[in-house]
Amino acid sequence: MDTAAATGMTFRDATDADVDALVELIESAYRGDSSRTGWTTEADILEGQRTDPEGVLAVIKSPDSRLLTVERDGAVVACCQLEHRGDHAYFGMFAVSPTLQGGGLGKVIIAEAERHAYEIWGVAEMHMTVISVRDDLIAWYERRGYRRTGKMTPFPYGDERFGIPQRDDLQFELLVKPLA
């Protein structure tokens, strides 16, 4: 059975016309009071923006990237970035509408992203970075087969395009999953 069809979802590549809806979706999933409806909120560790129209458009326009957009009943309800990086793909900009979180939609989307990376690009691994203090989110990815690598990169403190940190211990940890 086609899981996407069974849930009434359609997957497609984002277009320029989707930018505003995608920015609104991503912001609602991670920042501000609306994000507290779901469980992926970063509102307690970061204020300010998560992304902006320029950042979303850059992903859409990148020749090695796609912004997978998920619609249900004509509305954008989720998205994720896939970027082809040689022998692996990078998974990022993952957002599910806060009102739909916790119902299994994220599992379906990440499985579709992994399928695409493996079948279309032929990559052996999916990589992602997660803020290392996000234990609940990291545990969710671990249940999907991702493993912590211990490889950290610094959070871009002082660059408000990524938000305004509310603590001084933020960094990104690389998570990896074999796809073959």
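Note that the coordinates shown come from a computational prediction; the quantities given were computed from them, not determined experimentally.
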Of all pairs that satisfy side chain to side chain donor-acceptor pair (under 3.5 Å), the ones with a partner from residues 113-126, not counting sequence neighbours
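Checked against side chain to side chain donor-acceptor pair (under 3.5 Å) - neighbours excluded - the pairs reaching residues 113-126 are Arg66-His116, Glu112-Arg115, Glu114-Tyr146, Glu114-Lys177, Arg115-Glu119, Glu125-His127.
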[X] (side chain) donor-acceptor with [Y] (main chain) under 3.5 angstrom:
X      : Y      : value
Gln101 : Trp39  : yes
Ser62  : Val59  : no
Arg144 : Trp140 : yes
Glu27  : Arg50  : yes

I need the [X] [atom1] to [Y] [atom2] distance, nearest 0.5 Å.
X      : Y      : atom1 : atom2 : answer
Met128 : Ile138 : CE    : CD1   : 10.0 Å
Gln166 : Ile45  : CD    : CD1   : 9.5 Å
Ile60  : Ser65  : CD1   : OG    : 9.5 Å
Ser132 : Met152 : OG    : CE    : 4.5 Å
Ile164 : Tyr157 : CD1   : OH    : 13.0 Å
Ser97  : Leu25  : OG    : CG    : 6.5 Å

Tell me, do [X] and [Y] make a side-chain contact under 4.5 Å, heavy atoms counted?
X      : Y      : answer
Phe172 : Pro156 : yes
Lys151 : Val176 : no
Leu22  : Thr69  : yes
Glu42  : Arg31  : yes
Val123 : Leu179 : yes
Leu46  : Arg167 : no

Aromatic contact between Phe155 and Phe162, with the criterion being ring centroids under 6.0 Å apart: yes or no?
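Between Phe162 and Phe155, which both carry aromatic rings, the centre distance is not below 6.0 Å.
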Lys/Arg N to Asp/Glu carboxylate O, [X] vs [Y], below 4.0 Å:
X      : Y      : value
Lys61  : Asp16  : yes
Asp18  : Arg12  : yes
Glu173 : Arg148 : yes

Where do Ala117 and Ala89 come nearest, in terms of heavy atoms and distance?
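Smallest heavy-atom distance, with atoms named: CB-CB, 3.8 Å.
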Within a 6.0 Å radius of atom CG on Asp33, are there more than 12 heavy atoms belonging to other residues, nucleotides or ligands?
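Count not over threshold, so no.
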Taking atom CD of Glu142 as the centre, report whether more than 12 heavy atoms of other residues, nucleotides or ligands fall under 6.0 Å from it.
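Counting other residues, nucleotides and ligands, CD of Glu142 exceeds 12 neighbours.
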For Tyr90, what residues pass the ring-ring contact (aromatic ring centres under 6.0 Å, His included) criterion, not counting sequence neighbours?
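Counting only residues at least two positions away or on another chain, Tyr90 forms no ring-ring contact (aromatic ring centres under 6.0 Å, His included).
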When hydrophobic residues are tied together by side-chain contacts of less than 4.5 Å, even through go-betweens, does Leu170 share a cluster with Val130?
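Leu170 does not cluster with Val130.
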For Tyr141 and Phe94, take the angle between the two ring planes, folded into 0 to 90°, and tell me which bin it lands in: parallel under 30, tilted 30 to 60, perpendicular over 60.
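Geometry flag for Phe94 against Tyr141: tilted rings.
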